[in-house]
Amino acid sequence: MSLELKSGFSFDYENLFGEGKVTAADLKDFEADLKKAHEAMKVMRKTGFVAGHLSKDGEPEKVLFSELPYIEEGHLNSPKSIARLSKLTASVQNRVDAVVSLGIGGSFLGNKVLFDVHCGEFWNSKSKAERDGFPRVYFSGNNIDPRRTTDLIEHINASAKVASCHGEKRPYHVMLLLISKSGGTLDTMSNFMVIYEALKKNPEVEVEVIAVTDPNEKQPTLLKKLATEQKWPTYSVPDGVGGRFTVFCEVGLTLAACIGFDIEAFLAGAKAMDQVCQNDDIWQNPAMLNAALKFIASEKHGRDIEVMMPYGDYLKSVSEWYIQLLAESLGKQFDKQGNEVCYGRTPVVAVGTTDMHAQTQQHQEGKLNKIVQFIRIQKWDVDPVIPDAFPSAPKLSDISGVTMSQALDVALQSNADALASNQRFSAVFNLPELTPYHLGELLYMLAMSIAYEGELANVDAFNQPGVEGYKRIMGPKLQALKNK
């Protein structure tokens, strides 16, 4: 059983729906709730209003992530903003040697997805020509780690020295892409200040800063004020788009511009998915179907852990991005009426085939509380044939003669079959190819699924009061430490 779109993207739910799994009767029981959730999505798209959603200050706040795929005048992504991102691409290419993307939460996780899918692990080891003139990319600000931050500074300084020794007649050009809505994010700003100060002291390094922050000029944030004072170019962390949804706005798209990622194709994939998800028929609406099956699996069958398990190393960051999306959106103590419910499915990062040798024992024989969600790429842009390199070794000859992707598919299907044989739930998202368009489809479908599930669970999927809790405690503790 599979829902397949015209683009070739499909959601295979055979091992999640049917006898002994989520049943048609289960879906019937939630028919009214599903209809209500779908109506709520229509209102959200049209007005930005989601019943019961308030900002962290307790004020009404619009939810605008569903607007982001549409490049239109008056939208957060407009023809003007996309043109400005294109100018950023042109400015960076063949001029900037290294970009350090500084952010945490969605400002790191979404950007890491775009980098991994487009660039891969060995991007920074390639020559400038192999990178088509685009800069090396490093990530920081996503933890307060003194050793790694120091290592990064030393590495950039060493790269500048090497460039100088190879006859570069200009300083090594480093762009710090600083992403913080408030400008007070401890993790990000502490790393930024340490790196900025250290690199500014090196005469072989030239530093520029781009600030991605709240665009409000009437009540500017700390970072907006700083950017104005320092004359740093700014891009927007818009109101109405929580960090876990920001991969579709300038938070993610600025980094995309710096690596030559196809922004318009990415948003086109998200747009196509949004249009499909406006279908009233659950069997033709992948976000509603995905949300319904997983919500019911949790509430009626106790499967309240979701293992996100893409098959492919460069998709692991998709799983890590999804962890934040699911955890922050749905892990809520109270429902929209203030009743204590302590709702939330627990997300787990995995990657195939790696975690078949690490986690699958638990998936296969542990508690019956998990859904394993696979992601599969149908056609890889490169696909070596496994050679018969050692014909005298029969076991090695047995695995030769097939492509690596064929072997990967066999591993995934074997895992799914084994799980199904022991009453374990699983499903597969199939992407025809790993392109910006299909990545946009996937990420947007997951975001919209979360919006649906929030309605089904009657919790606010767009706030994060638990995150604010530790922040309120941490500030005074840091001040006390400084005073001491």
Side-chain angles (χ1 to χ4, degrees), residues 1-3 10-38 41 277 281-310 319 322-323 325-332 335 341-350 352 355 359-360 362-376 412-413 415-430 442 445-459 461:
M1 288 177 283
S2 179
L3 192 173
S10 68
F11 174 34
D12 181 346
Y13 52 89
E14 182 174 356
N15 292 329
L16 185 52
F17 177 77
E19 187 177 351
K21 294 160 279 195
V22 178
T23 64
D26 291 335
L27 285 173
K28 187 72 174 174
D29 289 342
F30 287 92
E31 188 173 42
D33 292 328
L34 282 164
K35 185 175 181 180
K36 184 179 176 183
H38 189 60
M41 295 302 98
C277 292
D281 182 357
I282 188 173
W283 303 107
Q284 300 300 319
N285 182 329
M288 180 159 58
L289 181 60
N290 180 51
L293 293 177
K294 288 174 180 172
F295 173 74
I296 294 169
S298 171
E299 297 306 284
K300 293 198 71 172
H301 301 273
R303 313 303 171 103
D304 59 0
I305 294 175
E306 182 171 3
V307 180
M308 179 58 85
M309 194 170 187
S319 185
Y322 183 65
I323 292 307
L325 179 67
L326 181 60
E328 282 194 349
S329 298
L330 300 180
K332 300 295 162 63
D335 67 13
V341 293
C342 296
Y343 180 77
R345 297 187 296 112
T346 301
V348 175
V349 172
D355 287 308
Q359 296 184 25
T360 290
Q362 166 58 232
H363 303 168
Q364 184 69 32
E365 294 189 354
K367 287 187 176 182
L368 286 165
N369 59 357
K370 287 172 283 295
I371 294 172
V372 182
Q373 177 62 65
F374 302 114
I375 301 175
R376 171 179 172 259
L412 188 160
Q413 191 59 56
N415 194 358
D417 291 348
L419 291 168
S421 72
N422 200 24
Q423 299 179 293
R424 314 286 161 156
F425 293 1
S426 70
V428 186
F429 298 132
N430 291 289
L442 174 67
M445 187 272 291
L446 291 171
M448 188 56 74
S449 293
I450 291 299
Y452 271 107
E453 188 171 345
E455 294 304 304
L456 292 173
N458 190 35
V459 298

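Any value given below was found using the heavy atoms of this structure, including those in side chains, with hydrogens, waters and symmetry copies removed.
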Original post:
Judged by modelled atom types alone, do Y452 and N285 share a side-chain donor-acceptor pair under 3.5 Å?
Top reply: yes
**OP:** May I have all residue pairs that pass salt bridge (Lys or Arg N to Asp or Glu O under 4.0 Å) and include part of residues 22-31, sequence neighbours excluded?
**Re:** D26-K300, K28-E31, D29-K300
Original post:
Mind checking what makes side chain to side chain contact (heavy atoms under 4.5 Å, CB included) contact with A350, not counting sequence neighbours?
Top reply: V307, M309, D355, Q359
Subject >> Within residues 289-298 or reaching into it, pairs that qualify as salt bridge (Lys or Arg N to Asp or Glu O under 4.0 Å) - sequence neighbours excluded >> reply: K294-E306
**OP:** State which residues pass side chain to side chain contact (heavy atoms under 4.5 Å, CB included) with A292; sequence neighbours excluded, sorted by chain then number.
**Re:** L27, L34, I282
Original post:
Atom CD1 in I375, atom CD in Q373: separation rounded to 0.5 Å?
Top reply: 7.0 Å
Original post:
How long is the gap from CE on M1 to CG on L289, to the nearest 0.5 Å?
Top reply: 10.0 Å
Subject >> Contacts of type side chain to side chain contact (heavy atoms under 4.5 Å, CB included), residue S298, not counting sequence neighbours >> reply: D304, R345
Original post:
Taking K367 for the side chain and H363 for the main chain, is one N or O donor matched with an acceptor at less than 3.5 Å?
Top reply: no
Original post:
Listed by chain and number, what are the side chain to side chain contact (heavy atoms under 4.5 Å, CB included) partners of V428, not counting sequence neighbours?
Top reply: D12, F374, R376, L412, N430
Subject >> Which atom of M308 lies closest to which atom of S319, heavy atoms considered >> reply: O-OG, 2.9 Å
Original post:
Just wondering, do F425 and N15 contact through their side chains at under 4.5 Å, heavy atoms?
Top reply: no
Subject >> Residue list, side-chain hydrogen bond (donor to acceptor under 3.5 Å, both in side chains) with Q362, at least two apart or on another chain >> reply: K370
Subject >> Any residue meeting side-chain hydrogen bond (donor to acceptor under 3.5 Å, both in side chains) with E365, in chain and number order, not counting sequence neighbours >> reply: Q361
Original post:
Of all heavy-atom pairs between M448 and M41, which one has the smallest distance, and what is that distance?
Top reply: SD-SD, 3.7 Å
**OP:** Just jot down the side-chain hydrogen bond (donor to acceptor under 3.5 Å, both in side chains) partners of D335, sequence neighbours excluded, or say none.
**Re:** N339
Original post:
Looking at residues at least two apart in the chain, or sitting in another chain, which of them share a side-chain hydrogen bond (donor to acceptor under 3.5 Å, both in side chains) with E299?
Top reply: none
Subject >> Pairwise distance NE2(H301) to CG(L16) - rounded to 0.5 angstrom >> reply: 9.0 Å
Subject >> Set of residues satisfying ring pair (Phe, Tyr, Trp, His ring centres under 6.0 Å) with respect to F295, sequence neighbours excluded >> reply: F30
